Amino acid sequence: MSQSLSHQDLSHQDRFARLTELLAERQDLWRPLPFQHRRPPWGEAWPGLEAALLKLSDAATTRLQDAPFRESPLDEWLPVAELARLVELPELAGDVVELPSSWAAHVGGRKWSQIEAFLPRVGASPGERLVEWCAGKGHMARALSRRLDAEVTALEWQPALCREGQRLAERQGASVRMAEQDVLAPGAGRWLSSDTRVAALHACGDLHGRLIELSTEHGNAMTLAPCCYQRTAEAHYRPLSRQGRERLAASGLSLTREDLAMAVQETVTAPRHVRRQREQAGGWRLGFDLLQREVRGVDAYLPVPSLAYGRLPGSFEAFCRWAAERKGLVLPAGLDWPAFEAAGHRRRAEVTRLELVRHLFRRPLEVWLVLDRTLRLEEAGFSVELGTFCERELTPRNLLLRASPPSRPLD
Ligand SMILES: C[S@@+](CC[C@H](N)C(=O)[O-])C[C@H]1O[C@@H](n2cnc3c(N)ncnc32)[C@H](O)[C@@H]1O
């Protein structure tokens, strides 16, 4: 594949084929989780790579976390420029308008900005019946209804969210009908028909998978921003498209739920204090890891349950005592807490650098997953546009798929 090809020249199939090859060929590099291993399992197979990562400055590490494809020292070992090109997608066209600020009442600031960016790209045509999929309180349904002066049906399975959504719609005079519906249940297809357009913002794994399957049966149009690919009943990823199944089988690539989680691991939007607490917790976890290996006399990683934000104990020692109790581990007296804590923070600095390899494959995996969805629809005769709907600072889950059924080709 020539280096001069731009993203416009690449078909969805070609992009998918090349991404499959690269993800399969380099799976020994991106799959291992560096915090689980004292030394990366790929160290010997990739001479020089570990050392190059470990000598990166803090500033270079932060820069590469944020922009993994720009001026990366990893290009000595990996096809950084090609990966960058394969994940480059156009911003989808949409007549961007600023919505009245009063419409944003009761919606979080970031969510409202996402709705403002998503809504003009829904691409609804006159006469279409509008449905919001997994709507929460129907914030987007209200904005869509007011913007298009149309009725919108919002599907959501939690009765409390439906009640609150209906109350907000009535109060704002928006023509929204909140409908209590488990979209995974039999019969969810009754809301879809060939004159329906579904809008789905951040519908998780199986929830958007179901939408795609039902849409191929009912022939509705859709505008979908998928997220949380790992929220799926299957422990091993089963591609939606025929090409996905064939290419996966031929390439020897197999993806677990844990692998899929990498596609959505990006903290670009986390506030500074949250990031600082994550760093603290990361250092403590790695300090505990060193300690438990010594106490148990077993040089192997021991998973410790996660803690909700704000629940982190007040000191490293308290954290280790909590973790030890959870794992049924008796800690001896006289442990050198400051030494283990300092070692944990040193290891966190190393792990952060080694994780830059995974960062490089995170967006390629996400684009690969969205392409699998795109190809599923194209194989069923849909016309599909794939691109972004906002900057990733607003939400890293900024990929959008706009699909029209065979009976209604795109203009
Ligand atoms: C990630 S939220 C997205 C909500 C909204 N679209 C947004 O962008 O804020 C997913 C929503 O799906 C709903 N949900 C989860 N499982 C569902 C199911 N089986 N059927 C219908 N809704 C479901 C959740 O209650 C939640 O409101």
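Note that the coordinates shown come from a computational prediction; the quantities given were computed from them, not determined experimentally. Note that ligands are numbered from 1 as they come in the structure, with each ligand's atoms numbered from 1 the same way.
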**Q** Just going by heavy-atom distances, which of Lys137, Glu156, His202, His139 is nearest to atom 27 (O) of ligand 1?
**A** Glu156
**Q** Under the 3.5 angstrom rule, does the side chain of Thr223 hit a backbone N or O of Arg402 as a donor-acceptor pair?
**A** no
**Q** Taking Glu294 for the side chain and Leu291 for the main chain, is one N or O donor matched with an acceptor at less than 3.5 Å?
**A** no
**Q** Which protein heavy atom lies closest to atom 19 (N) of ligand 1, and at what distance to 0.1 Å?
**A** Asp182 OD1, 2.8 Å
**Q** Are Met140 and ligand 1 in contact, using a heavy-atom cut-off of under 4.0 Å?
**A** no
**Q** With only distance considered, is Trp133 within less than 3.5 Å of ligand 1 through an N or O on each side?
**A** no
**Q** Which atoms of ligand 1 have any heavy atom of Gln158 under 4.0 Å away?
**A** 25 (O)
**Q** Under 30°, 30 to 60°, or over 60°: which ring-plane class applies to Tyr301 and Phe35, parallel, tilted or perpendicular?
**A** perpendicular
**Q** Which of the numbered atoms in ligand 1 are below 4.0 angstrom from a heavy atom of Glu132?
**A** 6 (N)
**Q** Indicate yes or no: does an N/O atom of Cys134 lie under 3.5 Å from an N/O atom of ligand 1?
**A** yes
**Q** Quick one: does Cys227 get an N or O within less than 3.5 Å of an N or O on ligand 1?
**A** no
**Q** Would Leu201 count as being in polar contact with ligand 1, using the rule that some N or O on each side must be under 3.5 angstrom apart?
**A** yes
**Q** Determine whether any heavy atom of Leu207 lies closer than 4.0 Å to an atom of ligand 1.
**A** yes
**Q** Starting from atom 21 (C) of ligand 1, what is the nearest protein heavy atom, named by residue and atom, and what distance separates them?
**A** Gln181 O, 3.2 Å
**Q** For the pair Trp368 and Phe16, name the ring-plane relationship: parallel under 30°, tilted 30 to 60°, perpendicular over 60°.
**A** parallel
**Q** Any side-chain to backbone donor/acceptor pair from Arg197 onto Ala221? Under 3.5 Å, distance only.
**A** no
**Q** Counting non-hydrogen protein atoms only, what is the nearest one to atom 23 (C) of ligand 1? Give residue, atom name and distance.
**A** Trp157 CD1, 3.3 Å
